[in-house]
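The structure under discussion appears below in the form of structure tokens.
Starting from 1, each residue takes its place in the sequence as its number.
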Amino acid sequence: MEGSRATVIDWPVPFVGREAQLARLIDTITLRPGAVIVTGAPGVGKTRLAEAALRVLAGRGWRCLRGYAVAAGRDIPLAALSGIVPAMPPIDADGPAGLLAGVVTALNSLAESGRIVVFVDDVHQLDNVSAVALHQAVRAGSLALLATLPTGAEVPETIGALWRSGRAARMDVDPLDAADLEQVLVGWLGGPVARGTLDQVRRATAGNPLYLRELVLAAHDSGALTHDNELWQLRELPAAAGRLDDLVRCRLAGLDSAERTALEVLALAEPVGVRLLHDVLGGDVVETLERRGLITVRADGRRWEAQLAHPLYGEVLRGRIPTSTRLRWYRRLADALEAYGVRRWSDLLPWAVWRVDGGGPADSALIAAAVREVADQPADPHLRERLAQAAWESNADLDAGLLRCRVLIEQGRTGAALTALEDVAAHAGDDHARRDVATARSWFLGWCHGSVADALWRLRQDAAALADPVSQVTLRVDRANLLACAGRPRHAARLVADVDVADSPELTVRIAAVQGVAFLLSGQLDQLRTALAGAVAPPASRCAMYPAEYASGALPVDVWAYDGMIAQARETGHEVLAHTYGLGDRIAHASALTSLALAEITAGALDTARRYVTEALPVLRDFGVRHHEGRCLAAGLLAATYQGDEAAADRFEGRLAEIWPALAQIELFRFEVDRARAWRWWQRGEPGAAHALLATSARRWGHRGGLLPAVLLASDLARMGEPTTAARLLPADPIPARWGLGVALVDLVRALAAPDVAELERVAAILAELGCHLYAAEATAAAAVAGARRRATGRTGTGVRRGEVDDAARAKARAAVAAGRCDNARTPLLASVGDRSHLTRREREIAALVARELSNQAVAEQLALSIRTVENHLNRIFAKLGVHGRAELADVLRQGRRDQL
């Protein structure tokens, strides 16, 4: 799955996100001639917007002229207008006044040739004579002035006079928002971009199009931006080099020593309290930088804080600060903050970073407090490790030692983590400390090494050595967590059934996680939703074990996905993605992407599922979270197999084989891996092995009370061509009535085992209503085949009646339309109806409108087509779908593509 840089970026930048502003700009110039000043930060797109307006105006018959204002020409009279008034009048006896009068006369004479607009980029650089001449021409109504003005630049007096007289309008150009930025990137790169990459780029560039362009070019040239034929991803932000570095340095040019020092301090420590900056730097430098637009000052409660005006300023400045200078400033900042007083929790972490990195005497209690502050926050792992190491070395703080172990595990440094854990265990002096060490050890053994049996044995030994009842109960809950994810939900639930958690919010969440997994595997999804609603607090520690993390992350998505309610799964999934990204929790973010991928597979959106997998896999692989990675690989393998992409399936299957030992005992999602492997074997021409794997896995889960895995596995077996065997494997326990997808799949298996056209069509309609379009398409295809067989069996003689042909054609058409929702899926049931020409995009639009009982004329008006064109399209639709009228077309679409109506 390694990325490639061979793809060429398609420039130039698409003009998006400014369409409404462009229309307003043109209206302002044409309807009320005068001056329009386009303002915004450097690089935000002012010039591009103005030039787009000039192209439109030129197309409407305006004469568009351009003046050039540059700093070097500010002292040269009429330097900016030399290209507009080439025959420059001589300076006569009246001196500059005569020159000005001659230029104004020349500008006024231009108006005789029609409507004129003069464009001046960076109007604050105009020389005085040009500025006054343009001011007088605008006041006289001879021409319209279109100009750009950077934020923070001094407004020329002539422009101010036009504003005061009502002859100038101002238009602010803002940075690109998230949606427009995505549209720009997709337009540049020619394909979808990973969600995490979009957020990284947006935060780094603050939506500035010029910085965005240079950052993406630098990332592409350095190999940091990769493409694997499905998704563009940014592995790391590139150093601000080349053109990007030059742009920022030009913006920061002209700073004196004190100003540059102040910016460097902010680059190292932003945001910084203004009072603290004054104490460290002295003077009025902060006010000067704010006036120049290089920093911003905002209120945070009762405190005023300063930070750089753009993230890239800090990127460039930090790259140029020597290490010794950086450490010196960290030390001075820490000293100043201690003298000022670490009064807020928000002060604690910056102080700890400055003190640990900069050196000097450290308050061990404050360092330990900072470690506890970052322990449950997904901060920079290297920062967390440095703070934890400092606290551990200063006073052997147990929390710091455990945090360091956890960070090492999250970084995939398992050997170092185990060594550090044993060091911490040697310092555990009471039951509470020994309990925390035991929890961490079980987390390490169970989820990192995949040795659930070893972890369970060790937990029993550790619990027996404790005298404190609360600590013993905690380790019992840890055992239940392990058992739940080992595929034994009933045993896990019994372990925590009588635990009193009234005084422990952390245990409340962890027990809810155990119960949640039990509800999930037993198909009691309605009860699971209720349980999740009551356990909204996150676990107090990552050592609370994996199920607690799962309960607050991906599980809410799976509740809806496994119930077949795809719209709700998507909505919940996007909320979880936004939340986990905001926290910086990359593991939880990637696990939620995996859950969304599995939901999209059920919906038939296989391309989308593969994009989610592609985005999540590098994170899970880099962090060494094998159980998450195994599930993600299973989702990718399933989607690639359904689409017949053998090359991609080989890659997923090969990686699964590599990490299989770590997955063997963690069975919570083992059924997903079994499903993917079985479909892959079927695709490879080994149906017997595929059927045996599904049957064995379904039987095992059924015996354990895992109703949900058993039903999904049995339905796969039926869809793969063994419905009779699958029907016998269905669990004896009744399916919970409120598990919609489970009930529908059981009905599908039984309808396939004893083919019933009406029942298959009924189940297909239910599945389509849920949003499970892959299952719905297969049920529709099975109904078409069963109907054809029934007609062939009941026919007498050799003749074929016209009505039978039409019925068969319509049934096949419904199956083809339903299959069209499934991104080229190739399963046995879909293959049974054969290939059929699908409707084009325009034909689908027309068919959907006609099915809503719109007349041909109404369809033509809505789609801006002629009535004759609509009629021709409609005839082709009837022929493709085998229908003879509008009513039959509505019937086909109603059964095949409900969402189009």
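Considering CZ of Phe519 and CG of Asp526, their distance stands at 10.0 Å, rounded to 0.5 Å. The OH atom of Tyr775 sits 9.0 Å away from the CG atom of Leu767 when rounded to the nearest 0.5 Å. To the nearest 0.5 Å, atoms CG (Asp563) and CG (Asp558) are separated by 11.5 Å. In this structure, OG on Ser522 lies 14.5 Å from CZ on Arg704, to the nearest 0.5 angstrom. Between Arg675 atom CZ and Leu694 atom CG the span is 8.5 Å, to the nearest 0.5 Å. Considering CZ of Arg610 and CG of Leu617, their distance stands at 11.5 Å, rounded to 0.5 Å.
A heavy-atom distance below 4.5 Å is not found between the side chains of Val743 and Val746. You'll find the side chain of Val711 stays beyond 4.5 Å of the side chain of Leu741, heavy atoms only. Counting only heavy atoms from C-beta outward, the side chains of Thr594 and Val613 never approach each other to under 4.5 Å. Counting heavy atoms from C-beta outward, Arg699 and Leu729 have side chains that approach closer than 4.5 Å. Side-chain contact between Thr724 and Leu752 is absent, with no heavy atoms from C-beta onward closer than 4.5 Å. Looking only at side-chain heavy atoms (C-beta outward), Leu596 and Leu577 come within less than 4.5 Å of each other. For the pair Glu778 and Leu748, the minimum side-chain heavy-atom distance is 4.5 Å or more. The closest side-chain heavy-atom distance from Trp701 to Leu712 is not below 4.5 Å.
Of the possible donor and acceptor atoms, none in the side chain of Trp682 sits under 3.5 Å from a partner among the backbone N and O of Met720. Of the possible donor and acceptor atoms, none in the side chain of His227 sits under 3.5 Å from a partner among the backbone N and O of Trp232. Between the Ser697 side chain and the Leu693 main chain, no donor and acceptor come within less than 3.5 Å of each other. Side chain of Thr602 to backbone of Cys772: no donor-acceptor contact under 3.5 angstrom is found. For the pair Arg886 (side chain) and Leu854 (backbone), a donor-acceptor distance under 3.5 Å is present. In this structure a side-chain-to-backbone donor-acceptor pair under 3.5 Å is missing from Asp756 to Ala751. Side-chain atoms of Trp739 come within 3.5 Å of backbone atoms of Tyr562 as a donor-acceptor pair (strictly under, hydrogens ignored). At distances below 3.5 Å, at least one donor-acceptor pair connects side-chain atoms of Gln233 with backbone N or O atoms of Thr614.
Across all non-hydrogen atoms, the minimal contact from Leu637 to Ala649 is CD1-O, 3.5 Å. The two residues Ala561 and Ala569 come nearest to each other via the heavy atoms N-CB, 3.8 Å. Heavy-atom minimum distance, Ile566 versus Ala603: CG2-CB, 3.7 Å. Here the shortest heavy-atom pairing between Ser591 and Ala588 reads OG-O, 2.9 Å.
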Trp681/Arg677 under side-chain contact (heavy atoms from CB on, under 4.5 Å): CA gap, chis, key distance, verdict: CA-CA 6 Å; Trp681 292 350; Arg677 292 170 67 211; 3.6 Å; yes
Test log, rule side-chain contact (heavy atoms from CB on, under 4.5 Å), inputs Leu525 and Leu520: CA-CA 6 Å; Leu525 302 185; Leu520 175 75; 3.9 Å; yes
Evaluation steps, salt bridge (charged side-chain N to carboxylate O under 4.0 Å, His left out), between Arg684 and Glu653: CA-CA 12 Å; Arg684 224 171 25 216; Glu653 189 177 28; 2.8 Å; yes
Intermediate values then yes/no, side-chain contact (heavy atoms from CB on, under 4.5 Å), Glu845 and Leu863: CA-CA 9 Å; Glu845 291 175 342; Leu863 299 179; 4.1 Å; yes
Check against side-chain contact (heavy atoms from CB on, under 4.5 Å), Leu555 and Leu528: CA-CA 10 Å; Leu555 181 56; Leu528 174 53; 4.0 Å; yes
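Ionic pairing of Glu759 and Arg750 is not present here: no N-O contact between side-chain nitrogen and carboxylate oxygen is shorter than 4.0 angstrom.
Between Phe671 and Phe669, the ring planes lie tilted relative to each other; the angle falls in the 30° to 60° range.
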